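First listed ligand is number 1; within each ligand, the first listed atom is number 1. Note that this is a predicted model, so its numbers are computed, not measured. These numbers come from the heavy atoms of this one structure, side chains and all, not from hydrogens, waters or symmetry mates.
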Amino acid sequence: MWALRYLSAVIFLLAPFPIVNGGDCGDKFLNKCSCGMGEYIDRMQYIVNCTNTGFRDTNMLQDLPKQTEVLIWTGNYVPELPWNVFGTLNTLDNLTIIDMSNNHIHEIRGKSYHHVPNVKRLILNHNNLSISRDDEDVNHHHPRVFSNFVNLMELHLTNAFSDNSSAQLSEDLHDIFVNSNLTKLTKLHLEQNEIRMFKDRRVFCDLPSLRDLHLGDNLLKEINFNILCLNHLRFLDLERNKFTQMKLKDLNVLDILANSQGHETELIVDLTYNQLACDCTINNMQDWLKKTKVKIRNLDNLFCYKQGRPYQPMLSVKYDKCQVQRRNADSSKGHTVTIVFLSVVLLTIILTLVITAIYINRNRIKKIVNPVMTNVSRKVHYTTIKDDDAPEQYV
Ligand SMILES: *[C@@H]1O[C@H](CO)[C@@H](O)[C@H](O)[C@H]1NC(C)=O
Ligand SMILES: *[C@@H]1O[C@H](CO)[C@@H](O)[C@H](O)[C@H]1NC(C)=O
Ligand SMILES: *[C@@H]1O[C@H](CO)[C@@H](O)[C@H](O)[C@H]1NC(C)=O
Ligand SMILES: *[C@@H]1O[C@H](CO)[C@@H](O)[C@H](O)[C@H]1NC(C)=O
Ligand SMILES: *[C@@H]1O[C@H](CO)[C@@H](O)[C@H](O)[C@H]1NC(C)=O
């Protein structure tokens with residue numbers, strides 16, 4: 001009796017908590033999420049917040065409240081996103097932001113996202129996506145994967161891919177960009193994806209509205225992708241990559257873009273924490289900085305590096321050492337000259353020896369060669385006659 005009363009008291013005390021924690025999301029959310037108005041990006045919005053909820057399927061997302069504006073669904077385990085994650089009946093007209101980071105997502109099917117006409121920001125950071133055509137025996141390539149996001153403006157794919165094959169990644173990405181028709185996309189985040197190079201140089205060329213391209217924390221050594229097709233580009237983030245110098249061609253291409261007609265906005269490039277070498281190549285960049293329209297972000301904090309450590313601020317380095325390099329170049333030219341000279345001398349000596357030998361043995365050689373020579377001269381004679389005859393027939 002006493003125990004029962006105690007128990008009911010406990011239940012009475014605990015009962016309100018699930019409600020406070022957002023029990024209003026509905027049964028399927030297992031009281032793990034909170035639903036309600038909250039501040040998100042400086043605005044009160046209806047937020048469904050499932051942070052670190054450890055779900056192993058997406059079933060509850062079919063019952064998202066219709067008024068949902070922001071969906072945060074992170075820290076779950078769903079290697080494969082099924083078709084119609086949000087159900088077939090629900091049209092979430094007010095949904096503008098989806099954050100599905102950190103869910104171990106390996107595959108997103110072409111038909112996973114439906115009824116998301118007004119989503120402007122899609123965040124898929126820290127997943128394990130495979131989008132390749134020929135991955136083992138499974139085809140993970142669904143080129144229309146984002147095609148229902150007709151109003152998408154921001155796509156966040158930081159540390160999103162499992163693929164190591166970054167060169168292939170660029171082809172697959174390009175295909176997705178083409179087929180998903182992301183005409184309004186202005187921001188693309190691709191940081192931390194171990195990208196060494198883009199095999200498909202036109203990878204971003206089908207994103208006509210792209211303004212901010214974030215490629216920080218990758219392994220790029222040069223700008224080996226087409227940026228001239230990005231007429232609205234205003235920010236190119238290349239922080240913490242593997243640039244050891246800015247090649248002249250890269251500096252040129254940045255200038256061409258910044259100066260091109262129709263490119264109205266200022267072009268800003270971030271190169272911080274690249275290990276730009278403290279050597280003559282700095283001079284190219286310094287010269288370029290004096291005349292370019294392009295703005296280098298954090299220029300005051302841009303250092304050149306020696307032995308993997310920041311050595312001197314880029315702007316204050318003076319490199320006269322280039323003279324030394326030039327002198328090295330000269331001396332290597334010197335070596336070549338010496339080698340050619342010695343070869344000539346050697347050849348002359350050998351020739352002299354051969355000629356001398358022939359001269360000394362001229363009588364013996366004559367005996368051997370003479371019969372042959374007579375033969376040859378006879379032949380020459382006949383041929384000459386024949387040749388002389390020939391033209392006459394045509395005259
Ligand atoms: C979502 O919930 C997590 C923890 O439950 C909290 O840290 C985070 O601030 C919430 N986000 C928003 C936008 O309310
Ligand atoms: C969507 O937002 C509009 C404007 O805030 C509101 O009038 C409408 O009721 C919302 N739709 C739903 C399904 O809640
Ligand atoms: C990523 O996907 C691959 C292939 O399915 C799997 O072997 C690997 O364990 C996954 N990694 C993580 C962190 O989920
Ligand atoms: C990715 O490449 C690195 C080195 O290039 C290697 O150590 C790592 O095992 C690779 N990871 C996968 C998942 O293939
Ligand atoms: C792409 O979207 C634009 C408008 O956003 C539309 O006019 C065009 O027809 C679409 N193209 C394809 C192939 O779906």
(message) Protein heavy atoms near atom 9 (O) of ligand 3, is at least one of them under 4.0 angstrom away?
(response) no
(request) Verify the contact flag for atom 5 (O) of ligand 2, where contact means a protein heavy atom under 4.0 Å away. (result) no
(message) What I want to know is whether Asn49 and ligand 1 share at least one N or O pair that is separated by under 3.5 angstrom.
(response)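 By distance alone, the answer is yes.
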(message) Around atom NZ of Lys242, are there more than 12 heavy atoms from other residues, nucleotides or ligands closer than 6.0 Å?
(response)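 Counting neighbours around NZ of Lys242, 12 or fewer heavy atoms of other residues, nucleotides or ligands fall under 6.0 Å, so no.
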(message) Can you confirm whether Tyr113 is buried at OH, in the sense that more than 12 heavy atoms of other residues, nucleotides or ligands lie under 6.0 Å from that atom?
(response) yes
(message) Measuring centre to centre across the rings, with the benzene-like ring taken for any Trp, is Phe86 within less than 6.0 Å of His115?
(response) no
(message) Quick check on the 6.0 Å ring-centre criterion: do Phe204 and Phe198 meet it?
(response)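 Aromatic pair counts; centres sit under 6.0 Å.
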(message) Once you restrict to heavy atoms under 4.0 Å, what part of Ile72 touches ligand 1? Side chain, backbone, both or neither.
(response)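 For Ile72, only side-chain atoms sit under 4.0 Å from ligand 1.
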(message) Out of all atoms in ligand 2, which are within 4.0 Å of some heavy atom of Gln67? Include the element for each.
(response)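 By the 4.0 Å cutoff, the relevant atoms are 14 (O).
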Give the residue and atom name of whichever protein heavy atom lies nearest to [atom], and the separation in Å to one decimal.
atom                    : answer
atom 13 (C) of ligand 3 : His104 ND1, 3.9 Å
atom 2 (O) of ligand 3  : Asn128 ND2, 2.3 Å
atom 3 (C) of ligand 2  : Asn94 ND2, 3.6 Å

(message) A cation-pi test, strictly: NZ or CZ of Lys221 under 6.0 Å from the centre of the six-membered ring of Phe243 and no more than 45 degrees from its axis. Yes or no?
(response)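 No, Lys221 and Phe243 do not form such a contact.
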(message) Run Cys304 and Cys278 through disulfide bond (SG atoms under 2.5 Å apart) and show every step you take.
(response) CA-CA 5 Å; Cys304 71; Cys278 296; 2.1 Å; yes
